[in-house]
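Structure first, then comments.
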Amino acid sequence: MLENAPSWQPWLAPEFDAPYMQKLQAFLQRERLAGKTIYPASESWFYALEVTPLDQVKVVIIGQDPYHQPDQAHGLSFSVRPGIKTPPSLVNIYKELETDLGIPRATHGYLESWAQQGVLLLNAVLTVEDSKAASHQKQGWEAFTDQVIATVNEQCENVVFMLWGSYAQKKGAKIDLHRHLVLESVHPSPLAAYRGFFGCKHFSQANGYLSAKGRSPIDWQLPEII
C-alpha cells in the first residue's frame with residue numbers, strides 16, 4: 001500500500017498487518033461492493049506520504065476529513081484539485097497568509113507545491129463517502145494517522161506542527177515540545193477563524209523557526225496554474 005512512499009515504509013508498513021487495519025480494509029471493501037462512491041480515489045489515499053518523504057518533513061498541517069464533493073479531494077489536507085473552487089477554510093488560510101507575510105491570495109486551491117517543499121498535509125481520516133461528511137470516522141484511519149504523527153515526532157527534528165482546532169490539537173497532544181515547534185489556534189473555518197486564526201501568524205513563525213534551526217523556510221506563495 002505504500003509502494004510509492006518508501007521513506008515511510010519501515011515505520012508504517014507493519015500497521016497494515018494490525019487488526020484495526022484489517023477491519024478498516026474490510027469496511028472499505030464493503031462500502032465499494034455496496035456501490036458507494038469514496039473520495040479520494042484509492043490511488044490517492046496515501047498521497048500525502050508519497051509527495052512528502054519522511055526525511056523532508058518540515059511542517060505538518062493536520063486536517064480532519066477529505067472533502068466529500070466530486071473532484072475535490074486528492075489526498076492532501078485542505079487542498080483541492082486545479083480548477084475546483086477554493087473551499088472556505090482555505091480561503092481563510094490565504095487571508096492569513098496575506099496578512100502575515102504579504103503573500104497575495106492564490107487563485108486556486110492546489111497545495112502541491114507546499115507538499116513538495118516538506119509540508120505534510122495530513123488528514124486524520126483518509127477517506128469519506130460521497131456527500132457524507134465524517135462518514136468514515138472511527139473506522140481505523142485515526143490509528144494509522146496517529147502512527148504517522150508519532151513517526152514524524154520520533155524520527156525527525158525541528159518540525160513545525162500547525163494544529164488548528166481542538167481536533168488537530170488532540171491529535172498532536174503527544175508531540176515532543178523539546179524537539180519540535182507546536183503552533184495552535186482555532187480552525188480556519190468561517191465558523192471559527194475570527195476567534196483567533198486570523199492574526200495567529202503561524203506562517204511567519206514557522207519560517208522563523210526553520211531558519212533558526214538551519215532549515216530552509218517554506219515558500220508559501222503558490223505558483224499560478226496555467
Side-chain angles (χ1 to χ4, degrees), residues 48 52 56-67 72-73 76-80 85-125 133-134 142 145-146 148-150 152-153 156-223:
T52 309
Q56 295 179 26
V57 175
K58 297 178 181 178
V59 177
V60 178
I61 299 178
I62 299 174
Q64 193 162 346
D65 294 276
Y67 298 118
Q72 289 184 310
L76 303 179
S77 63
F78 292 99
S79 180
V80 292
K85 182 180 178 181
T86 304
S89 292
L90 186 52
V91 170
N92 286 338
I93 291 170
Y94 290 167
K95 288 179 181 178
E96 176 57 23
L97 264 174
E98 186 174 43
T99 302
D100 187 11
L101 291 172
I103 293 174
R105 300 177 201 177
T107 58
H108 60 84
Y110 189 53
L111 306 182
E112 178 98 6
S113 75
W114 291 1
Q116 291 174 343
Q117 294 178 73
V119 181
L120 180 63
L121 296 167
L122 179 71
N123 278 318
V125 177
E142 292 90 344
T145 53
D146 278 346
V148 174
I149 293 167
V152 175
N153 182 46
C156 301
E157 297 280 352
N158 305 321
V159 172
V160 181
F161 289 82
M162 295 184 180
L163 306 181
W164 299 335
S166 59
Y167 187 93
Q169 288 158 20
K170 291 175 184 175
K171 193 82 173 164
K174 296 181 181 180
I175 295 164
D176 186 345
L177 301 180
H178 297 289
R179 296 176 62 154
H180 308 290
L181 175 65
V182 173
L183 301 175
E184 297 184 348
S185 82
V186 299
H187 196 275
S189 76
L191 298 175
Y194 289 96
R195 300 202 303 267
F197 180 76
F198 292 137
C200 69
K201 298 188 181 300
H202 281 186
F203 303 100
S204 59
Q205 289 186 64
N207 277 355
Y209 175 84
L210 292 171
S211 296
K213 298 297 183 179
R215 309 194 73 185
S216 56
I218 304 298
D219 180 1
W220 296 104
Q221 184 155 5
L222 294 165

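Index from 1, following the sequence.
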Those residues that, when tested against His108, pass ring-ring contact (aromatic ring centres under 6.0 Å, His included) (two or more places apart): none

Nearest-0.5 Å distance that lies between atom [atom1] in [X] and atom [atom2] in [Y]:
X: Lys58; Y: Ser216; atom1: NZ; atom2: OG; answer: 2.5 Å
X: Ile218; Y: Phe203; atom1: CD1; atom2: CZ; answer: 11.0 Å
X: Lys174; Y: Asp146; atom1: NZ; atom2: CG; answer: 7.5 Å
X: Asn92; Y: Leu97; atom1: CG; atom2: CG; answer: 11.5 Å
X: Glu142; Y: Tyr167; atom1: CD; atom2: OH; answer: 4.5 Å
X: Glu184; Y: Met162; atom1: CD; atom2: CE; answer: 13.0 Å

Test item: [X] and [Y] side chains (from C-beta on) under 4.5 Å apart, heavy atoms:
X: Asn123; Y: Thr145; answer: no
X: Trp220; Y: Asn207; answer: yes
X: Gln221; Y: Ser113; answer: no
X: Leu111; Y: Ile61; answer: no

Do side-chain atoms of [X] reach the backbone of [Y] as a donor and acceptor pair under 3.5 angstrom?
X: Gln116; Y: Thr52; value: no
X: Arg179; Y: Cys156; value: yes
X: Arg215; Y: Asn158; value: yes
X: His180; Y: Phe161; value: no

Residues in side chain to side chain donor-acceptor pair (under 3.5 Å) contact with Ser79, at least two apart in sequence or another chain: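 So Ser79 forms a side chain to side chain donor-acceptor pair (under 3.5 Å) with His74.
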
Set of residues satisfying side chain to side chain donor-acceptor pair (under 3.5 Å) with respect to Asp219, sequence neighbours excluded: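 Side chain to side chain donor-acceptor pair (under 3.5 Å) check on Asp219 returns nothing, list empty.
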
From CA spacing to verdict: side-chain contact (heavy atoms from CB on, under 4.5 Å), Tyr94, Leu222: CA-CA 10 Å; Tyr94 290 167; Leu222 294 165; 3.2 Å; yes

Phe78 ring center within less than 6.0 Å of Trp164 ring center: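 Yes.
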
So which atom in [X] and which in [Y] form the shortest heavy-atom distance, rounded to 0.1 Å?
X: Val182; Y: Ile175; result: CG2-CG2, 3.7 Å
X: Asp100; Y: His202; result: OD2-N, 3.8 Å
X: Ser204; Y: Leu101; result: CB-CD2, 3.7 Å
X: Pro188; Y: Ala193; result: O-CB, 3.6 Å
X: Gln205; Y: Leu181; result: O-CD2, 4.2 Å
X: Val80; Y: Lys85; result: CG2-O, 4.0 Å

Candidate pair Phe197 and Ile93, rule side-chain contact (heavy atoms from CB on, under 4.5 Å), full reasoning: CA-CA 8 Å; Phe197 180 76; Ile93 291 170; 3.9 Å; yes

Stepwise side-chain contact (heavy atoms from CB on, under 4.5 Å) test for Leu121 and Glu112: CA-CA 9 Å; Leu121 296 167; Glu112 178 98 6; over 6 Å; no

Worked check of side-chain contact (heavy atoms from CB on, under 4.5 Å) between Val152 and Leu122: CA-CA 12 Å; Val152 175; Leu122 179 71; over 6 Å; no

